[in-house]
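Below: one structure, written as structure tokens.
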Amino acid sequence: MIAVYAPGSVSNVACGFDVLGFALDEPGDVVTAVPMDGPGVTIAAIVGDTGRLPLDPARNTAGAAVMALLQRLETTRGVSLTIHKGLPLASGIGSSGASAVAAVVAANELLGRPASLDLLLACAMAGEVAGCGASHPDNVAPSLYGGFVLARSANPPDVVRLPVPDGLACAVLHPHLEVQTGVARALLGDQVPLRDAVRQWGNLGALVASLFMADHALLSRSLEDVIAEPKRASLVPGFYAVKAAALAAGALGCSLSGSGPSVFALAASLDRARAAGDAMQRAFAAEGSVGADLWVSPVGRQGARVIS
Ligand code: HSE
């Protein structure tokens with residue numbers, strides 16, 4: 001039996017809509033894989049989803065990802081999966097992506113590691129498409145590779161791993177709400193004013209440079225989203241109060257994590273991330289709408305890994 005942990009991830013990272021993401025240290029999902037007598041994929045059990053995810057492998061992101069892998073490897077060997085959800089569903093921290101990534105890494109390990117990381121990425125993305133109807137490499141890629149990842153292209157996948165400046169840490173506030181990515185995407189429309197596009201690609205280029213230069217001030221100035229955040233902020237009650245609290249507590253920047261409802265803040269140290277996270281939690285509690293979880297951790301340098 002092989003067990004693999006794949007971390008959740010923060011996608012978009014403010015200015016990198018659909019192309020930039022980073023891995024968290026925790027939380028994440030664990031998928032175990034065992035060989036099966038016949039060919040194909042079965043899902044033996046799913047733990048921690050309160051019965052909401054499909055056991056049919058063709059409709060489950062983890063199952064479909066491993067089906068894609070077995071097909072690409074042209075193997076008749078079979079794999080049985082058990083999925084342990086540590087990530088909340090529809091939370092904006094890459095829950096479906098992490099399951100797909102953990103599953104393909106576990107199956108690949110079981111088969112003697114025949115697949116490259118790039119093939120695993122393509123299969124994890126195929127799994128997300130089968131399970132969720134769409135896939136964005138900005139969650140799957142950091143969950144697989146770790147650290148910050150820029151996806152220059154999704155199809156074919158062309159991903160660039162970026163450096164993680166020492167000490168960089170993250171707070172993630174997860175309001176007890178669910179946002180379906182499709183719904184959040186429908187808010188965006190399909191047109192962007194040129195001035196916003198210019199501002200956004202200026203920020204994204206500078207953000208990438210700031211990671212190479214370990215320049216926290218430049219990173220802070222670049223953590224601005226003028227395209228998606230203004231249209232999605234209403235999905236999170238009190239979003240602007242939470243953001244203001246994070247910045248006042250010393251965060252370098254704060255925005256929606258992926259399509260929300262989670263909100264992330266990046267900070268120069270774990271202590272500052274903790275302070276920002278506490279402030280975010282207090283500001284969100286003052287809204288009095290629903291509860292929220294908070295995770296504070298370094299940016300996860302390591303992606304999916306075999307744990308037993
Ligand atoms: N980048 C996607 C979005 C979500 O913001 O809609 C995560 O893949």
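Values below: every heavy atom of this structure, side chains too, minus hydrogens, waters and symmetry copies. Read the numbers this way: they start at 1 and go in the same order the structure lists the ligands and their atoms. This chain uses plain numbering: 1 for the first residue, then up along the sequence.
Each of the following atoms of ligand 1 lies closer than 4.0 Å to a heavy atom of Arg185: 2 (C), 3 (C), 6 (O). Each of the atoms 6 (O) of ligand 1 lies under 4.0 Å from some heavy atom of Thr181. Less than 4.0 angstrom separates some heavy atom of Asn12 from each of these atoms of ligand 1: 1 (N), 3 (C), 5 (O). For ligand 1, the atoms closer than 4.0 angstrom to any heavy atom of Asp18 are 1 (N), 2 (C), 3 (C). Atoms of ligand 1 lying under 4.0 Å from at least one heavy atom of His136, given by number and element, are 8 (O). Within ligand 1, counting atoms from 1 as listed, the ones closer than 4.0 Å to a heavy atom of Arg232 are 3 (C), 5 (O), 6 (O). Those atoms of ligand 1 that come under 4.0 Å of a heavy atom in Phe17, given as number and element, are 3 (C), 5 (O), 6 (O).
Looking only at heavy atoms of the protein, atom 7 (C) of ligand 1 is closest to Asn139 OD1, 3.0 Å.
Between the side chain of Asn60 and the backbone N or O of Ala62, at least one donor-acceptor pair lies under 3.5 Å. Counting only distance, with no hydrogens or angles, the side chain of Arg221 and the backbone of Leu219 share no donor-acceptor pair below 3.5 Å. Checking side-chain atoms of Thr32 against main-chain N and O of Ala3 turns up no donor-acceptor pair under 3.5 Å. Listed for the Ser257 side chain is no donor-acceptor partner under 3.5 Å among the backbone atoms of Gly260. Here the side chain of Ser222 pairs a donor or acceptor atom with the backbone of Leu218 at under 3.5 angstrom.
Put simply, the side chain of Val79 does not reach to within 4.5 Å of the side chain of Val34, judged on heavy atoms.
Proximity of Ser11 to ligand 1 is established by a heavy-atom distance of less than 4.0 Å.
Under the 30°/60° scheme for interplanar angles, the aromatic rings of Phe22 and Phe148 are found to be tilted.
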